[in-house]
Engineer: 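Before I ask anything, let me first share the structure, which is written out below as structure tokens.
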Amino acid sequence: MGRGQLSFAALPRSFFDRPSHEVAPDLLGRVLAHGSVAVRLTEVEAYGGPGEDPAAHTYRGRTPRNAVMFGPPGHLYVYFTYGMHFCANLVCLPDGFGSAVLLRAGEVVEGLAEARARRSNGKPLADRDLARGPARLAVALGLMREHNGLDTIMEGSPLGRPRQSATMLEGVPADPSSIRSGPRTGISTAKEVPWRFWIDGDPTVSPYRAHVPRRRNAAATSVGEAPSS
DNA sequence: GGCTGGATTCACT
DNA sequence: GTGAATCCAGCCA
């Protein structure tokens, strides 16, 4: 994808008016454009919804942090984690439900130079790694705390008109036969729920890593403990 | 008010 | 493969 704006039509809000685990696979191959950078989604995870999902931020009810997830569909839910990273989600289901799809990885298809400038600190970086991982994707797109709650739905076609700040575009939906699903990455609960979806064989899909509990005070826990196998 | 753990990434071995 | 970095939401006393 070269210079100039992508000419895909915008996704309608009704696209997101479904449970996140139904929206998630349909998002693969779609394009999220923010400013001059656009990313084709290759890996996503579904969270929350009508059924209780203990791994979702909405599990314990509405809070100031997760309020956007309970809002109207098609908006961005951006949260801060691990003291240094932002992750972006797209809100699903109508107002009042807490549900969203985490954007885990994608391919930068527009604004490559801009994305590279944001991601690399003067070090060489392969194109496939620009948005390979949820925090990396957020950086490549320039998404931060201030973009929490941003609407990505553009009523009508964006053709011939400037995009709004963030816009979900149709893109080219992934071939259903190439979509795989499995357990979600890095969570400590509900590990068995296969709500991670990715495009099989795509080089921009991030490697799966199981949750590893962190030790805050290694010195305090290393004395007298049996060696772990 | 203190404590814990986290939807991660990167450098280093 | 392992561990550090670093801030904050949520829980509990």
Side-chain angles (χ1 to χ4, degrees), chain A residues 19-21 23-25 27-28 32 39 41-49 51-70 75-92 98-106 115-116 118-126 128-149 181-198 204-222 225 227-229:
Chain A
S20 56
H21 63 276
V23 173
L27 272 173
L28 296 175
L32 176 59
V39 167
L41 302 175
T42 59
E43 183 189 358
V44 295
E45 282 179 1
Y47 285 91
E52 298 208 328
D53 177 9
H57 288 175
T58 50
Y59 183 58
R60 298 175 195 280
R62 188 177 188 136
T63 66
R65 181 202 197 193
N66 65 27
V68 172
M69 273 183 81
F70 286 93
H75 287 244
L76 274 176
Y77 166 52
V78 182
Y79 68 89
F80 184 66
T81 190
Y82 287 98
M84 65 198 90
H85 298 303
F86 291 100
C87 296
N89 300 244
L90 286 163
V91 177
C92 300
S99 177
V101 175
L102 170 69
L103 310 181
R104 283 201 58 86
R116 182 176 294 281
R118 288 174 180 151
R119 281 274 294 122
S120 72
N121 292 320
K123 300 189 177 180
L125 189 61
R128 58 176 262 173
D129 289 330
L130 288 175
R132 191 173 182 230
R136 293 166 168 184
L137 184 148
V139 170
L141 280 170
L143 295 173
M144 293 173 287
R145 198 193 316 269
E146 67 201 78
H147 301 109
N148 187 34
S181 68
R184 294 172 292 185
T185 304
I187 55 173
S188 56
T189 56
K191 298 172 187 171
E192 72 288 354
V193 180
W195 280 2
R196 172 174 175 251
F197 302 89
W198 69 94
T204 63
V205 173
S206 65
Y208 175 80
R209 277 143 90 172
H211 173 76
V212 179
R214 296 159 60 226
R215 290 183 307 170
R216 177 165 293 265
N217 188 343
T221 56
S222 62
E225 280 191 352
S228 57
S229 56

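Small disclaimer: the values here were computed from a predicted structure and weren't measured. The chains referred to below are lettered A, B, ... by the order of the sequence lines, with proteins before strands, and numbering in each begins at 1.
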Engineer: Would you say the side chain of A/Y82 and the base of C/dA5 hold a donor-acceptor pair, judged only by whether the two atoms sit under 3.5 Å apart?
Structural biologist: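 Result: no qualifying N/O pair found.
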Engineer: Using whole Å, what does the distance between atom P of nucleotide B/dT8 and atom NE2 of A/H211 come to?
Structural biologist: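 Rounded to the whole Å, the gap is 10 Å.
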Engineer: Stem list for DNA chain C, please, built from Watson-Crick and G-U wobble pairs under 3.5 Å and keeping only runs of at least 3.
Structural biologist: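 So far as stems of 3 or more pairs are concerned, DNA chain C shows B:1-6 with C:7-12, B:8-12 with C:1-5.
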Engineer: Ignoring hydrogens and angles, tell me if any N or O in the side chain of A/H147 forms a donor-acceptor pair with the backbone of A/M144 under 3.5 Å.
Structural biologist: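 Here the side-chain-to-backbone pair exists.
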Engineer: Less than 4.0 angstrom from a charged side-chain N to a carboxylate O is my criterion; do A/R184 and A/D53 meet it?
Structural biologist: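 A/D53 and A/R184: salt-bridged.
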Engineer: Provide, to the nearest angstrom, the distance between the CG atom belonging to A/L102 and the C1' atom belonging to B/dA7.
Structural biologist: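 Checked: the CG to C1' distance equals 5 Å.
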Engineer: Counting the atoms with a prime plus P, OP1 and OP2 as sugar-phosphate, which does A/K123 contact under 4.0 Å by heavy atoms, base, sugar-phosphate, or nothing?
Structural biologist: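 Sugar-phosphate, backbone atoms only, no base.
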Engineer: Establish whether the base of B/dA7 is bridged to the side chain of A/H57 by a donor-acceptor pair shorter than 3.5 Å.
Structural biologist: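 Answer is yes: a donor-acceptor pair is held.
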Engineer: Only one of A/L102, A/N66, A/N148 passes side chain to side chain contact (heavy atoms under 4.5 Å, CB included) with A/Y79; say which it is.
Structural biologist: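 The side chain to side chain contact (heavy atoms under 4.5 Å, CB included) with A/Y79 is passed solely by A/L102 among A/L102, A/N66, A/N148.
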Engineer: On the nucleotide C/dG10, are OP1 or OP2 found under 4.0 Å from the side-chain N or O atoms that A/T63 carries?
Structural biologist: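 Affirmative; the distance criterion is met.
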Engineer: Just call it for A/R65: base, sugar-phosphate, or nothing, with non-hydrogen atoms closer than 4.0 Å on any strand.
Structural biologist: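 Sugar-phosphate only.
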Engineer: Is NZ or CZ of A/R145 both nearer than 6.0 Å to the six-membered ring centre of A/F80 and within 45° of the ring axis?
Structural biologist: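 So A/R145 does make the cation-pi contact.
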Engineer: How many Å lie between CE on A/M69 and C1' on C/dG10, as a whole number?
Structural biologist: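 Distance, rounded to whole Å: 16 Å.
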Engineer: How about CD on A/E146, more than 12 heavy atoms from neighbouring residues, nucleotides or ligands closer than 6.0 Å, or not?
Structural biologist: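 Counting neighbours around CD of A/E146, more than 12 heavy atoms of other residues, nucleotides or ligands fall under 6.0 Å, so yes.
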Engineer: Starting at atom NE2 of A/H85, determine the distance to atom P of C/dA5, rounded to an integer number of angstrom.
Structural biologist: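 In whole Å, C/dA5 P and A/H85 NE2 are 13 Å from each other.
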Engineer: Looking only at side-chain atoms of A/R60, point me to the closest of C/dC8, B/dT8, C/dG10.
Structural biologist: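 Looking only at heavy atoms from C-beta outward on A/R60, the closest nucleotide is C/dG10.
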Engineer: What pair of heavy atoms forms the shortest contact from A/A190 to A/P54, and how long is it?
Structural biologist: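 Where A/A190 meets A/P54 most closely, the heavy atoms are CB-CG, 3.8 Å.
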Engineer: Could you check how far CE of A/M144 sits from C1' of C/dC7, rounded to whole Å?
Structural biologist: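 That distance rounds to 16 Å.
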Engineer: Round to a whole Å and report the spacing from CG of A/D129 to P of B/dC10.
Structural biologist: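 Spelled out: CG on A/D129 to P on B/dC10 is 9 Å.
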Engineer: Go nucleotide by nucleotide along DNA chain B from the 5' end; which of A/S188 and A/R136 gets its closest nucleotide reached first?
Structural biologist: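 Upstream on the strand: A/S188.
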Engineer: Could you check how far CD of A/E45 sits from P of B/dT8, rounded to whole Å?
Structural biologist: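 Nearest whole value for this atom pair: 7 Å.
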Engineer: Can you tell me how far P of B/dC10 sits from CZ of A/R132, to the nearest Å?
Structural biologist: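 Between P of B/dC10 and CZ of A/R132: 11 Å.
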Engineer: Can a side chain N or O of A/R145 be found less than 4.0 Å away from OP1 or OP2 on C/dC7?
Structural biologist: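 Answer is no, no contact under 4.0 Å.
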Engineer: Can you name the salt bridge (Lys or Arg N to Asp or Glu O under 4.0 Å) partners of A/E43, sequence neighbours left out?
Structural biologist: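 If we apply the salt bridge (Lys or Arg N to Asp or Glu O under 4.0 Å) test to A/E43, skipping adjacent residues, the hits are A/R104, A/R196.
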Engineer: What I want to check is whether the side chains of A/Y77 and A/H57 have a donor and an acceptor closer together than 3.5 Å.
Structural biologist: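 Yes, A/H57 and A/Y77 have a side-chain donor paired with an acceptor closer than 3.5 Å.
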Engineer: How is A/R119 classified with respect to the nucleic acid when contacts are heavy atoms under 4.0 Å: base, sugar-phosphate, or nothing?
Structural biologist: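 Counting heavy atoms under 4.0 Å across all strands, the contact made by A/R119 is with sugar-phosphate only.
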Engineer: Need to verify one output field. Residue with the more 5' nearest nucleotide on DNA chain C, A/G61 or A/R209?
Structural biologist: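 Taking each residue's closest nucleotide, the earlier one in sequence belongs to A/R209.
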Engineer: Across the strands shown, which category fits A/I187 at heavy-atom distances under 4.0 angstrom: base, sugar-phosphate, nothing?
Structural biologist: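 Sugar-phosphate only.
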